[in-house]
> 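Structure provided below as structure tokens; questions to follow.
As the structure lists them, so they are numbered: ligands from 1, and atoms in each ligand from 1.
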Amino acid sequence: MKKLAMLFIGIALISLVACGSEDTSGSAEELQELTIATDAAFAPFEYMDKGEITGFDVDFATAVLKEAGYQANFENVGWETMLQDVKNEKADLAVAGITITDDRKETYDFSLPYFESTQLILVPEDSSISSVADLKDKQVGVQISTTGATAAEKIFGANSDQVNQYDKVPLAIMSMQQGDVDAVIVDNVVAQEYIKNNPDEAIKAVNDSSAFDSEYYGFMYPKDSELAKELNEAMNTVFENGTYEKIYEDWFGQKPDMSTLTQ
Ligand code: ARG
């Protein structure tokens with residue numbers, strides 16, 4: 001009887017100790033947070049909805065960071081501040097439909113490409129502009145320091161007064177609606193989303209594939225960031241395990257063509 005009681009006490013003690021040690025390892029699991037700078041005025045990639053930053057990029061980047069064991073903390077700092085914040089390592093990375101370009105590669109590191117894009121021309125529905133050639137004597141609007149601005153520069157030359165630069169894409173479109181500019185050059189999916197969300201604004205998109213190349217979005221890091229390699233591995237997993245497909249379908253209502261990402 002006495003021996004049995006001792007045995008019980010022994011087992012109780014052992015399980016107490018075991019539980020205790022399990023507890024401490026459990027509570028130590030706080031994920032490290034990474035700051036992601038963005039410009040949340042670029043639907044459907046990143047935009048504000050009821051005070052929250054949301055969009056395809058938000059879901060995708062959150063999934064990639066989670067796969068790598070990090071928590072995503074998005075900060076809507078605006079496009080130009082975002083570029084500065086990554087350069088100065090104030091942000092760990094930026095995710096904002098950012099096109100991977102050779103020019104930017106001199107200052108930043110990029111992830112693998114995760115989305116194919118190109119430029120489109122937005123014009124009022126009754127506009128006669130139907131190609132880049134038709135822009136010749138026109139005023140265009142672009143978001144400053146974007147590939148849309150670079151495309152406009154290619155058409156009009158550097159520092160042309162026909163190219164009007166805006167802080168945000170919606171400001172460029174608004175200015176077209178007020179008649180200040182004749183057209184806006186912007187990323188195709190964003191242009192199409194704007195038309196879809198604003199059916200009463202009588203805007204149409206003009207495609208000129210001879211003038212605009214394919215672009216690829218990537219996460220943007222400070223130069224020589226250790227993170228880039230680590231998150232690329234996680235990104236590959238998210239590409240391969242169906243998570244990318246799921247998020248893509250959630251936002252675009254169709255399956256992605258993964259072959260565009262291997263270029
Ligand atoms: N893809 C273009 C670029 O990299 C435009 C991106 C603008 N993104 C935004 N969130 N405003 O220049």
> Under 4.0 angstrom from ligand 1, any heavy atom of Phe45?
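Per 4.0 Å heavy-atom rule, Phe45 does not contact ligand 1.
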> Under 4.0 Å from a heavy atom of Glu46: give me the atoms of ligand 1 that qualify, with their elements.
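Close to Glu46: 10 (N).
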> I need the nearest protein heavy-atom contact for atom 6 (C) of ligand 1: residue, atom name and distance, please.
Gly97 O, 3.3 Å
> Give the intermediate values and the outcome of side chain to side chain donor-acceptor pair (under 3.5 Å) for residues Glu215 and Gln119.
CA-CA 8 Å; Glu215 301 181 15; Gln119 299 294 314; 3.0 Å; yes
> Quick check: does Val169 get an N/O under 3.5 Å from an N/O on ligand 1?
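No, since none of the N or O atoms of Val169 sits under 3.5 Å from an N or O of ligand 1.
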> Do me a favour and list the nearest non-hydrogen protein atom to atom 10 (N) of ligand 1 with residue, atom name and distance?
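Protein heavy atom at minimum distance: Asp39 O, 3.0 Å.
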> Are Val184 and Val142 close enough that some pair of their side-chain heavy atoms sits under 4.5 Å apart?
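Not in contact.
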> Hey, what's the ring geometry for Phe60 with Phe56, parallel, tilted or perpendicular (30° and 60° as the breaks)?
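The rings of Phe60 and Phe56 lie parallel, inter-plane angle below 30°.
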> With side chain to side chain contact (heavy atoms under 4.5 Å, CB included) as the test, would you mind laying out the steps for Leu93 and Leu231 before giving the verdict?
CA-CA 11 Å; Leu93 68 160; Leu231 292 189; 4.2 Å; yes
> Test your reading of the structure: does Thr147 have an N or O sitting under 3.5 Å from an N or O of ligand 1?
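In this structure, Thr147 places an N or O atom under 3.5 Å from an N or O of ligand 1.
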> If you measure every N or O of Trp79 against every N or O of ligand 1, does any of those distances drop under 3.5 Å?
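No, since none of the N or O atoms of Trp79 sits under 3.5 Å from an N or O of ligand 1.
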> Once the angle between the rings of Phe42 and Tyr217 is folded into 0 to 90°, is it parallel (under 30°), tilted (30 to 60°) or perpendicular (over 60°)?
tilted
> Under 4.0 Å between a Lys/Arg side-chain N and an Asp/Glu carboxylate O for Lys246 and Glu249?
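Glu249 and Lys246: not salt-bridged.
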> Taking only heavy atoms of Ile98 into account, list the atoms of ligand 1 that are under 4.0 Å away from them.
4 (O)
> I want to know if ligand 1 touches Ala96 in the polar sense, i.e. an N/O pair below 3.5 angstrom.
yes
> For Ser145 and Leu83, work out which heavy atoms get closest and say how close.
CB-CD1, 4.0 Å
> Looking only at distances, please establish whether an N/O atom of ligand 1 is found under 3.5 Å from an N/O atom of Arg104.
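By distance alone, the answer is yes.
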> Using a strict cut-off of 4.0 Å, indicate which atoms of ligand 1 neighbour a heavy atom of Asp187.
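Per the distance check, 1 (N), 2 (C), 5 (C).
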> For ligand 1, does Lys168 get within less than 4.0 Å through its side chain, its backbone, both, or neither, judged by non-hydrogen atoms?
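No part of Lys168 comes within reach of ligand 1.
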> Consider every N or O of Thr99 and every N or O of ligand 1, then say whether any pair is closer than 3.5 Å.
yes
> Give the numbers and elements of all ligand 1 atoms closer than 4.0 Å to a heavy atom of Tyr217.
1 (N)
> If Ile, Leu, Val, Met, Phe, Trp and Tyr residues are connected whenever their side-chain heavy atoms lie under 4.5 Å apart, and connections chain through other members, are Met176 and Phe156 in the same group?
no
> Can you report which non-hydrogen protein atom sits closest to atom 9 (C) of ligand 1, along with the distance?
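Checking every protein heavy atom, the shortest distance to atom 9 (C) of ligand 1 gives Phe42 CG, 3.3 Å.
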> Heavy-atom count around Gln192 CD within 6.0 Å, excluding the residue itself: above 12?
yes
> Identify the residue among Lys204, Lys136, Lys138 that makes a side-chain contact (heavy atoms from CB on, under 4.5 Å) with Ile129.
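Of the listed options, the one satisfying the test is Lys138.
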